[in-house]
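So you know, we letter chains A, B, ... as the sequences are listed, proteins then strands, and number each from 1.
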2 protein chains.
Amino acid sequence: MREFKRKSRILLIDDNADHLRGVKELITLESSYDVVGATTSANMGISLAKKYRPDIILMDINMPEKDGLQAIQELEKLELGVKVIALSGYDDADLIFRAMKLGAKGYVLKTMASAQLIYAIDEVASGKIYLPTALTSRFFEYFQRSFKEEASVSEENLLTYLTAREEEVLELLTQGNNYKGIAGKLFISETTVKTHVNNIFQKLQVNDRTQAVLYALNNGFANRKAIRA
Amino acid sequence: MREFKRKSRILLIDDNADHLRGVKELITLESSYDVVGATTSANMGISLAKKYRPDIILMDINMPEKDGLQAIQELEKLELGVKVIALSGYDDADLIFRAMKLGAKGYVLKTMASAQLIYAIDEVASGKIYLPTALTSRFFEYFQRSFKEEASVSEENLLTYLTAREEEVLELLTQGNNYKGIAGKLFISETTVKTHVNNIFQKLQVNDRTQAVLYALNNGFANRKAIRA
DNA sequence: CATTTTATCAATCCAAAGATGTAAGACAAA
DNA sequence: TTTGTCTTACATCTTTGGATTGATAAAATG
């Protein structure tokens, strides 16, 4: 399964024409990549990507006309298999987080040294994901903060008062079952399920099943933890 | 605001006594850190952390007795301000993801060179978050995959068929309101709400409000995106 | 051993939720 | 203008959900 090795093809998208020219020259002269296109428009960039199928796109994400992040999202949805590297003037944690969430394979700053930019492209071209150390740190601080806020909400988690059986019942509730469905799955009578459900309501201090389900989901019940979007 | 600079204090937790001794020697000889404790038990480690208040904890997360990840969680909950570095024999993406989610400030492999371990400690001691490049790559692949699955699920999203009003009603449903509550908040009659809710059920192809709420939450409704835990 | 908790089941009653059909006014598109 | 969709609204009926009380046996706890 050895692939044919060829020069990776790069598409550049940056609304700043000067910077665009500079990067193009840098890549042409200092690396072995083919620049198959360079445009100042995000929409044009997406069209070019569809046409030329580059391996890598260097995308400025701070453009006035169209949001670069949105462009990344659209490119990912097209599933062209292109690796997008976000290029930005800012090392804002939120920007980094959103870019990576949308599927960017790298995030580099415009202020970075040329050699480091080439290195980033090399890494991404070889299938890795590249973030400069400092930005990785930023990312994780943001990442951990978003989980911590959640955790602190569930300091006093009423779910801990539930018995094992009640947890089973609640889990089935969070899957959209009604009394009959739960009774069938647990091989117990419907009235027993009602008893359990009522006890769950008491312990979680809620009035109905929907609220119980919401409480469960928002307080780290089993399989899902939420993240701020 | 210059802080008084002193040697950082380190606590070691590793159920493998041999490895524990080795790391202790390494740090004592090759670095300027104080090893204030070393134990093979996670529970003991937590006690020692409370007693000696180390700056950094090197925590093996592959321990049979008690899960190291759980220990990290407990330490974070205590808010001792200690920086935990996860130490593991495996570069499993899920392990890395969970450790970082729980607040680990770093993740290093036991197979790494001594110098790199010291470097990791240096970085974390100085307030940064440290992940070796290869592990960063792993982490992000996992991270992006968990978001992508979500996106792909919502390709054919039944939520798009809802009218603006129905979305309002659904949002109130996802907040645990009953008919009366929704009617009051939207200043319309309860029967009208019933009409909307019934239409929502039809469009989302569900049988009751709980299922509708679950569908909404699992398909990118508004404020929360889930992530596999 | 005595006590408490848990899991099971039942009967009853009322409230809430859900299904179905109908319809009028607003508004936008054809 | 006609057509269609959206929002509003009501009546009726059936089903489901929820509260309450009480009861039994097993299991855990002290």
| task | Go through Leu214(A) and Leu217(B) one step at a time and tell me if the side chain to side chain contact (heavy atoms under 4.5 Å, CB included) criterion holds. | result | CA-CA 10 Å; Leu214(A) 289 169; Leu217(B) 297 183; 3.8 Å; yes
Rounding to the nearest 10°, end axes of the helix from dC1(C)-dG30(D) to dA30(C)-dT1(D) built from five pairs each make an angle of 50°
One thing to verify: whether Glu74(B) and Lys77(B) come together as a salt bridge, which I'm taking to mean a side-chain N less than 4.0 angstrom from a carboxylate O. no
To the nearest angstrom, the CG-P distance between Asn198(B) and dG21(C) comes to 12 Å
Interatomic distance, CD@Glu168(A) vs NZ@Lys185(A), rounded to 0.5 Å, equals 13.0 Å
Which protein N or O atoms sit under 3.5 Å from an N or O of nucleotides 24-30 of chain D?
none

What pairs of nitrogen or oxygen atoms, one from the protein and one from nucleotides 27-29 of chain C, lie under 3.5 Å apart?
none

(request) Evaluate the criterion side chain to side chain contact (heavy atoms under 4.5 Å, CB included) for residue pair Leu58(B) and Ile27(B); output intermediate values, then yes/no. (result) CA-CA 11 Å; Leu58(B) 260 183; Ile27(B) 293 176; 4.0 Å; yes
Steps toward side chain to side chain contact (heavy atoms under 4.5 Å, CB included) verdict (Leu109(A), Leu135(A)): CA-CA 9 Å; Leu109(A) 294 176; Leu135(A) 300 191; 4.1 Å; yes
In numerical order, the residues of residues 200-212 of chain B whose heavy atoms come under 4.0 Å of DNA chain C are Phe201(B), Asn207(B), Asp208(B), Arg209(B)
Do Arg98(B) and Tyr142(B) form a cation-pi contact, if we require the NZ or CZ to be under 6.0 Å from the six-membered ring centre and within 45 degrees of the ring's axis?
no
Output for pair (Leu80(A) CG, Lys50(A) NZ), nearest 0.5 Å, gives 8.0 Å
State plainly whether the residues Glu141(B) and Arg138(B) are in salt-bridge range, i.e. N to O under 4.0 Å. no
Taken to the nearest whole Å, CG/Leu162(A) to P/dT5(C) is 16 Å
| Is the closest side-chain donor-acceptor distance between Ser189(B) and Thr191(B) under 3.5 Å? | yes
query = Given the rule in the side chain to side chain contact (heavy atoms under 4.5 Å, CB included) test, do Ile129(B) and Phe139(A) qualify, once you have shown the distances and angles that lead to the verdict?
reply = CA-CA 9 Å; Ile129(B) 283 176; Phe139(A) 171 90; over 6 Å; no
When rounded to the nearest 0.5 Å, the distance separating CG of Leu131(A) from CE of Met100(A) is 4.5 Å
### Query
Backbone N or O of Asn177(B) within a donor-acceptor pair of the Arg209(B) side chain at under 3.5 Å?
yes
Distance col, row Glu171(B):CD vs Ile182(B):CD1, nearest 0.5 angstrom, shows 11.0 Å
The residue among Asp34(B), Ile85(B), Ile56(B), Val36(B) that forms side chain to side chain contact (heavy atoms under 4.5 Å, CB included) with Ile10(B) is Ile56(B)
| message | Could you check whether any side-chain N or O of Asp60(A) sits under 3.5 Å from a backbone N or O of Ile13(A), counting only pairs where one atom can act as donor and the other as acceptor? | response | no
Filtered N/O pairs between nucleotides 8-13 of chain D and protein, under 3.5 Å:
residue : atom : partner   : partner atom : Å
dT8(D)  : OP1  : Arg165(B) : NE           : 3.0
dT8(D)  : OP1  : Arg165(B) : NH2          : 2.5
dT8(D)  : OP2  : Arg165(B) : NE           : 2.7
dT8(D)  : OP2  : His196(B) : NE2          : 3.0
dA9(D)  : OP2  : Ser189(B) : N            : 2.7
dA9(D)  : OP2  : Thr192(B) : OG1          : 3.1
dA9(D)  : O5'  : Thr192(B) : OG1          : 3.3
dC10(D) : OP2  : Ser189(B) : OG           : 3.3

Looking only at heavy atoms, the pair that brings Leu48(B) and Thr39(B) closest together is CD1-CG2, 3.9 Å
Exercise. Could you check whether the rings of Phe97(B) and Phe143(A) sit parallel, tilted or perpendicular, using 30° and 60° as the cut-offs?
Key: perpendicular
Glu168(A) atom CD is separated from dA7(C) atom C1', nearest whole Å, by 11 Å
Can we say Lys110(B) and Asp14(B) salt-bridge, meaning some charged N sits less than 4.0 Å from an Asp/Glu carboxylate O?
-> yes
Expected list for residues 175-183 of chain A near DNA chain C, using heavy atoms below 4.0 Å, is none
